[in-house]
Number of protein chains: 2
Amino acid sequence: MFSPLFQHFQKYISLTAEEEEIIKPYLQISTVANKEYILQQGQICQANYFIANGCIRKYFTTDQGTEQIIQFAIDNWWITDYTSMDFQQPSLYTIQAVEESVIIVLKRSIEDELFRKVPALERYFRIILQRAFAASLNRIHYIYSFSGEERYRHFSNAFPEFVQRVPQYMLASYLGFTPEFLSKIRSRKG
Amino acid sequence: MFSPLFQHFQKYISLTAEEEEIIKPYLQISTVANKEYILQQGQICQANYFIANGCIRKYFTTDQGTEQIIQFAIDNWWITDYTSMDFQQPSLYTIQAVEESVIIVLKRSIEDELFRKVPALERYFRIILQRAFAASLNRIHYIYSFSGEERYRHFSNAFPEFVQRVPQYMLASYLGFTPEFLSKIRSRKG
DNA sequence: TTCCTTTCTTAAACAAGATTAAGATTTTTG
DNA sequence: CAAAAATCTTAATCTTGTTTAAGAAAGGAA
């Protein structure tokens with residue numbers, strides 16, 4: 001049941017069978033329907049969510065009322081709002097399922113205790129945070145060095161299955177332009 | 001000599017005097033002049049750099065030959081290229097001093113051994129990486145929800161000293177527009 | 001002081017992408 | 001199946017910011 005997560009752990013650290021048994025009671029599994037909310041703007045984020053399978057988006061609503069997507073998470077990614085969780089502040093973001101998904105929940109309130117019992121997990125999160133931070137800076141690199149059209153071409157080249165998986169208007173939002181512009185781009189070349 | 005770093009550690013974790021003594025031999029201190037390079041595009045990044053005082057930028061050169069700044073680091077921030085370091089790949093980035101700076105160097109090659117001897121450091125880096133990742137996503141939030149002019153106004157409001165500290169063309173690059181446009185903005189309102 | 005380099009400004013012509021306002025198509029639901 | 005909701009497309013007009021090409025200040029170094 002938790003196996004996608006334990007497999008992910010083993011990619012970065014080694015856990016004994018005993019350690020895995022210690023960890024299990026700290027986790028919860030949950031199935032969310034398409035469009036179901038995991039966190040809503042204004043709530044304080046209380047957990048880190050691992051996507052066992054499915055697709056989740058994190059977005060905010062601009063002053064003009066449009067939804068701006070900040071992150072997508074698919075199979076084997078964690079998603080949360082660290083700002084809200086670390087400072088126990090109301091979140092600016094909404095985290096919502098884009099398709100039916102199975103998620104594993106690690107609550108903030110028991111995280112410290114878990115890390116004390118299984119210190120290797122601290123290492124695991126340090127490593128995946130390094131990757132996530134690097135990916136985020138890499139995204140800024142992309143935003144700044146390519147035009148909207150170039151970003152779209154790169155992205156659909158790099159993640160063709162993903163482009164099929166989410167509605168186009170969400171992709172446009174994630175890539176930082178309007179759905180109308182994405183339509184225009186797509187009509188330029190097959 | 002290492003005190004800015006040890007003070008920074010103590011903000012997030014507790015270290016005993018013995019642990020501090022264990023850590024010291026793993027660190028190196030270095031003074032870099034204005035415009036001196038810490039890492040050059042194409043080299044493999046071999047360390048994480050803590051700015052005890054000064055100002056450092058990380059940038060890449062676009063196809064059109066302009067320098068695009070991805071990150072600034074000032075007093076009490078770490079800077080490195082995790083992608084290059086984690087995968088031992090040539091870096092796309094150049095890390096360079098923007099003013100004379102004192103930096104503390106933690107080499108990648110001895111990091112694992114240090115974390116084994118002082119596991120609390122793993123926790124420290126996990127926490128600051130959470131902050132750095134959140135800050136980076138927050139920056140994407142800003143890029144997507146505000147115009148260039150709004151980003152400049154927000155930034156100079158939030159960090160007025162910093163705006164004085166670096167040349168305007170670097171600020172323009174960091175904020176994602178041209179120096180000419182920054183000049184135009186500035187002439188609009190005193 | 002004088003030259004040289006770095007940084008900043010101005011303005012005109014231009015391009016990328018937003019906005020607005022339809023309408024067309026697809027998917028979902030009763 | 002029919003109706004409603006969600007998604008995608010097209011095209012005209014408008015904005016934000018780029019490009020290009022000067023020249024003006026400011027700061028170092030000899």
Side-chain angles (χ1 to χ4, degrees), chain A residues 32-37 55 57 59-69 72 94 96-100 140 142-156 162-190, chain B residues 33-37 55 57 59 61-69 72 94 96-100 140 142-156 162-190:
Chain A
V32 287
N34 186 15
K35 299 193 182 161
E36 197 174 323
Y37 295 110
C55 183
R57 65 172 180 154
Y59 67 91
F60 65 94
T61 304
T62 65
D63 297 342
Q64 296 88 52
T66 60
E67 290 173 357
Q68 178 58 61
I69 296 176
F72 274 117
T94 295
Q96 186 196 34
V98 168
E99 52 187 59
E100 181 172 306
I140 293 174
Y142 263 73
I143 293 171
Y144 279 159
S145 43
F146 299 111
S147 69
E149 173 154 12
E150 288 169 320
R151 274 177 347 251
Y152 170 70
R153 305 266 182 231
H154 270 117
F155 193 86
S156 14
F162 186 78
V163 171
Q164 298 303 104
R165 207 162 151 180
V166 302
Q168 277 178 42
Y169 73 91
M170 287 192 191
L171 195 63
S173 170
Y174 179 76
L175 292 173
F177 46 73
T178 60
E180 292 84 355
F181 184 61
L182 179 48
S183 243
K184 197 194 262 182
I185 288 171
R186 280 165 48 88
S187 71
R188 294 220 258 256
K189 177 187 119 190
Chain B
N34 185 16
K35 299 193 182 162
E36 198 173 324
Y37 296 111
C55 183
R57 66 172 178 151
Y59 67 91
T61 305
T62 65
D63 297 341
Q64 296 88 52
T66 60
E67 290 173 357
Q68 178 57 63
I69 297 176
F72 274 117
T94 295
Q96 185 195 35
V98 169
E99 52 186 58
E100 182 172 306
I140 293 174
Y142 261 73
I143 292 171
Y144 279 159
S145 42
F146 299 112
S147 70
E149 173 153 12
E150 287 170 321
R151 270 170 1 243
Y152 170 70
R153 306 264 183 233
H154 270 116
F155 193 86
S156 14
F162 187 79
V163 172
Q164 297 304 103
R165 206 162 152 181
V166 301
Q168 276 177 43
Y169 72 92
M170 287 193 190
L171 195 63
S173 169
Y174 178 77
L175 291 174
F177 45 73
T178 59
E180 291 84 355
F181 184 61
L182 178 50
S183 243
K184 198 194 263 182
I185 288 170
R186 280 166 47 86
S187 71
R188 293 219 259 257
K189 177 185 118 193

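First the proteins, then the strands, lettered A, B, ... as listed; each starts at 1.
As a whole-Å value, the separation of B:Tyr144 OH from C:dG17 P is 12 Å. Distance CD (A:Glu67) to P (D:dA6): 11 Å, rounded to an integer number of Å.
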Its contact letters, B for base, S for sugar-phosphate only and - for none at protein heavy atoms under 4.0 Å, make nucleotides 11-30 of chain D read ------BBBB----------
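The minimum heavy-atom distance linking A:Thr62 with A:Gln68 is given by the pair CG2-CB, 4.2 Å. For B:Pro167 against B:Val98, the heavy-atom pair with the smallest separation is CD-CG1, 4.5 Å. Closest of all the heavy-atom pairs between A:Ala33 and A:Ala97 is O-CB, 3.3 Å.
Annotation: B:Phe72 is in aromatic contact with B:Phe162 [ring centroid separation under 6.0 Å]. Outside the 6.0 Å centre-distance limit, the rings of B:Tyr142 and B:Phe155 are not counted as a close aromatic pair.
Looking at the side chain of A:Ser187, the nearest of the listed nucleotides C:dT9, D:dT10, D:dT9 is D:dT10. Ranking C:dT7, C:dT9, D:dT7 by closeness to the B:Tyr169 side chain, first place goes to C:dT7.
Remark: A:Arg186 is in phosphate contact with D:dT9, judged by side-chain N or O atoms under 4.0 Å from OP1 or OP2.
Note that CD of B:Glu149 and CZ of B:Arg186 are 12.5 Å apart. Values are rounded to the nearest 0.5 Å.
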